[in-house]
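Remember, it's 1-based here, ligands and their atoms both numbered in the order they're listed. Numbers here are sequence positions counted from 1.
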Amino acid sequence: MAVGGSRRGDRSRAGLLVLIVAVLQAACPAEALENGLARTPPMGWLHWERFLCQIDCSHDPRQCISEKLFMQMADLMVSEGWRDVGYQYLCIDDCWMAPSRDEQGRLQPDPKRFPSGIAKLADYVHSKGLKLGIYADVGNKTCAGFPGSYGYYELDAQTFASWGVDLLKFDGCNCNTLELLAEGYKTMSRALNKTGRSIVYSCEWPLYQRILQKPNYTEIKQYCNYWRNFADIYDAWNSVKNVLDWTSHNQEDITDVAGPGGWNDPDMLVIGNFGLSWDQQITQMALWAMMAAPLLMSNDLRHISSASKALLQNKEVIAINQDSLGKQGYQITEEDGFELWERPLSGGAYAIAIVNRQEIGGPQTYKFSLAFLGSGLACNPACSVQQILPTSRNLGLQNWVSFLKVLVNPTGTVLLKTVVI
Ligand code: GLA
């Protein structure tokens, strides 16, 4: 074959390739960070909401942030069945560090509270079949005032990798400009990848950016495995409500970007603590499953009611959260004090959540048409319907023109799954 002919062939093949790539880029959702991690939303335990920054171990040794606390939680994650239903990451939040770096500039744990060091703790956690998460901050200091990673991104990434850390929550306090914030989050992402260790990367980039600038989620997903958008959760219905309202009001901007490798993070599950009624705990669990949220509990696994434990370990709810299609659910209507949410699942199934937002009176009936769901496809021509929460029960075979009626407690949720037939 003539050389010229071959070159012309190469050129047209190259042109075709460029065209295919352009079409694929336009058609495909945002590309995920290429570390192969968080193909489904990460699950685990994170100390912050329940244990905050308690650093005085002489005052209350069972509550302070120490290696003992994490070893106890690791033991319970195994013995109480948490690991076996998917809660895998045991995550340290702020306040684990010593007030200054060591002579080589490396972060170091507080020597009194973590006398064995983080590498030893990671070994312990790994020996239990779990993974260890740690916390650091993109700015000059963490939110609680411990050393920040600014100027040390490479070194900190290497330190975490050398300790055997599996997840980094990277906070955004004390960063002087939006440019430094963005650059810091990106640099840490590259630095983690460069270590060669698989480290899930949790960001708060859009939360800190949003105050001044609209986040670019396509870009954020290229650097982070999950990201916080909204204020810190606390142990109260008001807080869970605020997260849900923020999410539904902003769903146009945040829902489509979520998928395998990158997730919106509405913050920790506070189920099993003090502030939520039983129905509100059901709402948090159901809606975190609908939102394809990371399931990071912040509670005391040493003291948790059997009801809260069963809710957090409900395999059908977890299966919705972990669905392999990886599409985040969204609110489809809000009327007469009820919210109706749907989440497309693999195999043409749908998860449906009906939230009763009324805070007065008793249980209320909500009636809706199945033709309304999945743009008319969820139950077309027919489907089986399973109620998952508050209790498991079979709602039988339905068809496209069926209406369903459910009774929902104030601030509670009924969670259903439809499977098309
Ligand atoms: C910020 C984060 C919280 C927690 C604290 C720790 O407020 O959003 O999740 O990590 O810092 O100081």
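Protein heavy atom nearest atom 12 (O) of ligand 1, with residue, atom name and distance: Asp94 OD2, 2.7 Å. Scanning all protein heavy atoms for the shortest distance to atom 4 (C) of ligand 1 gives Asp93 OD1, 3.4 Å. Scanning all protein heavy atoms for the shortest distance to atom 3 (C) of ligand 1 gives Asp232 OD2, 3.4 Å. At the shortest separation from atom 5 (C) of ligand 1 among protein heavy atoms lies Trp48 CE2, 3.7 Å. Nearest protein heavy-atom neighbour of atom 1 (C) of ligand 1: Asp171 OD2, 3.0 Å.
Not a single donor-acceptor pair under 3.5 Å links the side chain of Thr142 to the backbone N or O of Asp137. A donor-acceptor pair under 3.5 Å is formed between the side chain of Tyr185 and the backbone N or O of Phe170.
Counting the atoms of ligand 1 from 1 in the order shown, those under 4.0 Å from a heavy atom of Lys169 are 3 (C), 4 (C), 9 (O), 10 (O). Close approach of ligand 1 to Tyr135 is summarised as follows: ligand atoms under 4.0 Å from at least one heavy atom of the residue are 6 (C), 10 (O), 11 (O), 12 (O). The Glu204 neighbourhood of ligand 1 comprises atoms 2 (C), 8 (O), 9 (O), with distances under 4.0 Å to a heavy atom of that residue. Counting the atoms of ligand 1 from 1 in the order shown, those under 4.0 Å from a heavy atom of Cys143 are 1 (C), 11 (O), 12 (O). Against a heavy-atom cut-off of under 4.0 Å, Arg228 is close to the following atoms of ligand 1: 8 (O), 9 (O).
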### Audit row: Arg50, Asp93, salt bridge (charged side-chain N to carboxylate O under 4.0 Å, His left out) steps and yes/no
CA-CA 11 Å; Arg50 179 65 191 254; Asp93 207 287; over 6 Å; no
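By the criterion of a heavy-atom distance under 4.0 Å, neither the backbone nor the side chain of Asp267 is placed next to ligand 1.
Side chain to side chain, Asn264 and Gln328 meet the donor-acceptor criterion of an N or O pair below 3.5 Å.
Below 30°, between 30° and 60°, or above 60°: for Trp45 and Phe51 the angle between ring planes is between 30° and 60°, a tilted geometry.
Using a 4.0 Å cut-off between charged nitrogen and carboxylate oxygen, Lys417 and Glu316 do not count as a salt-bridge pair. Between Asp245 and Arg357, at least one side-chain nitrogen of the basic residue sits less than 4.0 Å from a carboxylate oxygen of the acidic one, meeting the salt-bridge criterion. Remark: Asp232 engages Arg228 in a salt bridge, criterion side-chain N to carboxylate O under 4.0 Å.
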